[in-house]
Amino acid sequence: MTQEHAQAPPLGAGLAGRGIVVTGATGGIGVAVARAFADCGARVAAVDLAADEAQALAASLPGDGHVGIGVDLVDVQAHEGLVREAEEAVGPLAALVHLAALLHRKHDVRDVDEADWDAQVDVNLKATFFLNRAFAEALREAGRGGAIVNFSSQGWWTGGFGGSVVYNATKGGIVTMTRGLARTYAADGIRVNSVAPGLVDTAMLSDGLPPERLQALVEQVPLGRMATPEEVAPTAVFLASDHAAYITGATVNISGGWLMY
Ligand SMILES: NC(=O)c1ccc[n+]([C@@H]2O[C@H](COP(=O)([O-])OP(=O)(O)OC[C@H]3O[C@@H](n4cnc5c(N)ncnc54)[C@H](O)[C@@H]3O)[C@@H](O)[C@H]2O)c1
């Protein structure tokens with residue numbers, strides 16, 4: 001006997017026509033994330049350091065109503081204005097997907113200096129807190145729920161490989177902050193989650209990592225390869241969508257089995 005099933009809602013359930021802020025949008029994974037949201041019919045505010053690249057990305061996305069915004073997220077005083085500017089351009093915001101990050105590799109930990117520490121902590125951790133808060137407060141004031149998806153890394157758990165101790169300390173902080181903010185904003189209907197990718201084939205991963213070191217890491221991955229950015233993006237869409245309505249405070253492991261939790 002055959003049974004008829006109603007068609008399942010698409011991956012980006014609830015996101016069509018909604019505004020999404022994607023930071024780090026012109027980076028290796030950010031482009032795929034911006035595209036995945038646009039593919040779901042969302043209107044994307046693509047945020048990155050370079051305004052012209054962000055605008056070119058926005059113009060290249062499928063659908064209408066996207067915008068590119070150039071901003072240095074280290075300037076946390078600019079965050080409230082950024083959220084307002086994004087909302088004016090793409091309409092009521094449904095989600096913040098925050099990828100912007102810096103990795104300064106120092107293979108000898110004795111070479112890490114204060115400038116390395118400050119640069120990575122300022123972008124990866126400080127800007128994450130202030131931008132998450134600016135976004136959540138704008139939604140709270142408007143009386144609307146929404147979602148935040150932060151980008152952590154496998155290094156939040158492992159401490160990292162390849163000269164990335166400070167970077168991974170910030171990624172651990174993102175997991176902890178995600179949990180704290182999830183609890184803070186749950187009553188406002190604002191869900192806060194993070195994703196923790198393993199090895200994703202982008203310049204950030206390979207820059208400063210000798211190919212044989214990278215190969216040795218890839219060999220530890222049960223699936224036997226790096227992820228493509230396009231394999232990471234749908235998890236961010238899922239977490240922002242109505243499918244994840246009962247998920248908050250989570251960190252989703254996307255590591256090809258490298259880590260299992
Ligand atoms: N590539 C990987 O293997 C991997 C693994 C785990 C986690 N991640 C995380 O995924 C996210 C994206 O990584 P990626 O590989 O696409 O890196 P990427 O370096 O290609 O992209 C990062 C983007 O952030 C932007 N950015 C940096 N500082 C900024 C600032 N001050 N203001 C505004 N924008 C700024 C950069 O311009 C860049 O476009 C990051 O959070 C990264 O930590 C990546």
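Treat the numbers as computed from the prediction; the structure is a model and nothing was measured. In listed order, ligands and their atoms are each counted from 1. Because only heavy atoms are used, hydrogens play no part in the values below, and waters and symmetry mates are left out as well, while side chains stay in. FYI, the numbering just counts along the sequence from 1.
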Test T178 against N150 for side chain to side chain donor-acceptor pair (under 3.5 Å), laying out the working first. CA-CA 7 Å; T178 294; N150 289 316; 3.2 Å; yes
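Atom 20 (O) of ligand 1 has G28 N, 2.8 Å as its closest protein atom, hydrogens excluded (heavy atom only). With hydrogens left out, the protein atom closest to atom 21 (O) of ligand 1 is G27 CA, 3.4 Å, a heavy atom. Among protein heavy atoms, the minimum distance from atom 11 (C) of ligand 1 is reached at L99 O, 3.5 Å.
Under the 4.0 Å criterion applied to side-chain N and carboxylate O atoms, R144 and E87 are assigned as salt-bridge partners. A salt bridge does not link D207 to R105: none of the charged side-chain nitrogens sits closer than 4.0 Å to a carboxylate oxygen.
Legend: residues meeting side-chain contact (heavy atoms from CB on, under 4.5 Å) with V74, ordered by chain and number and at least two apart, are D72, D122, V123.
Considering A46, G24, A101 only, the shortest heavy-atom separation from atom 27 (C) of ligand 1 involves A101. Here atom 9 (C) of ligand 1 lies nearest to S152 when heavy atoms of S152, S164, G198, S153 are compared. Relative to atom 37 (O) of ligand 1, the option among D48, L49, V195 with the closest non-hydrogen atom is D48.
N193 places a side-chain N or O within 3.5 Å of a backbone atom of A250 that can act as its donor or acceptor partner. No side-chain donor-acceptor contact under 3.5 Å links S255 to the backbone of P197. Side-chain atoms of E85 never come within 3.5 Å of backbone atoms of G81 as a donor-acceptor pair (strictly under, hydrogens ignored). For the pair H98 (side chain) and G24 (backbone), a donor-acceptor distance under 3.5 Å is absent.
Listed by number with element, the atoms of ligand 1 under 4.0 Å from a non-hydrogen atom of Y167 are 7 (C), 8 (N), 9 (C), 42 (C), 43 (O). Each of the following atoms of ligand 1 lies closer than 4.0 Å to a heavy atom of V200: 1 (N), 2 (C), 3 (O). Near D72, meaning under 4.0 Å from one of its heavy atoms, ligand 1 places the atoms 30 (C), 31 (N), 32 (N). Within ligand 1, the atoms closer than 4.0 Å to a non-hydrogen atom of K171 are 40 (C), 41 (O), 42 (C), 43 (O), numbered from 1 in the order shown. Here is the list of ligand 1 atoms found below 4.0 Å of a heavy atom in V123: 28 (N), 31 (N).
Within 6.0 Å of the CG atom in D108, the count of heavy atoms belonging to other residues, nucleotides or ligands exceeds 12.
The backbone and the side chain of I29 each have at least one atom closer than 4.0 Å to an atom of ligand 1 (non-hydrogen atoms only). Looking at A127 against ligand 1, nothing comes within 4.0 Å, counting heavy atoms. At a 4.0 Å heavy-atom cut-off, ligand 1 does not touch Q154 at all.
Remark: the N124 side chain and the T170 side chain contain an N/O donor-acceptor pair separated by less than 3.5 Å.
Here NE2 of H104 is found 9.0 Å from CG of D113. Values are rounded to the nearest 0.5 Å.
Using 4.0 Å as the threshold, G155 has no heavy atom nearer than that to any atom of ligand 1. Within the structure, the closest approach of V71 to ligand 1 falls below 4.0 Å when heavy atoms are considered.
Checking only distances, L73 does come within under 3.5 Å of ligand 1, N or O to N or O. Considering backbone and side-chain N/O of L199, none are found under 3.5 Å from N/O of ligand 1. In terms of polar-atom proximity, L205 is not counted as a contact of ligand 1, lacking any N or O under 3.5 Å from an N or O of the ligand.
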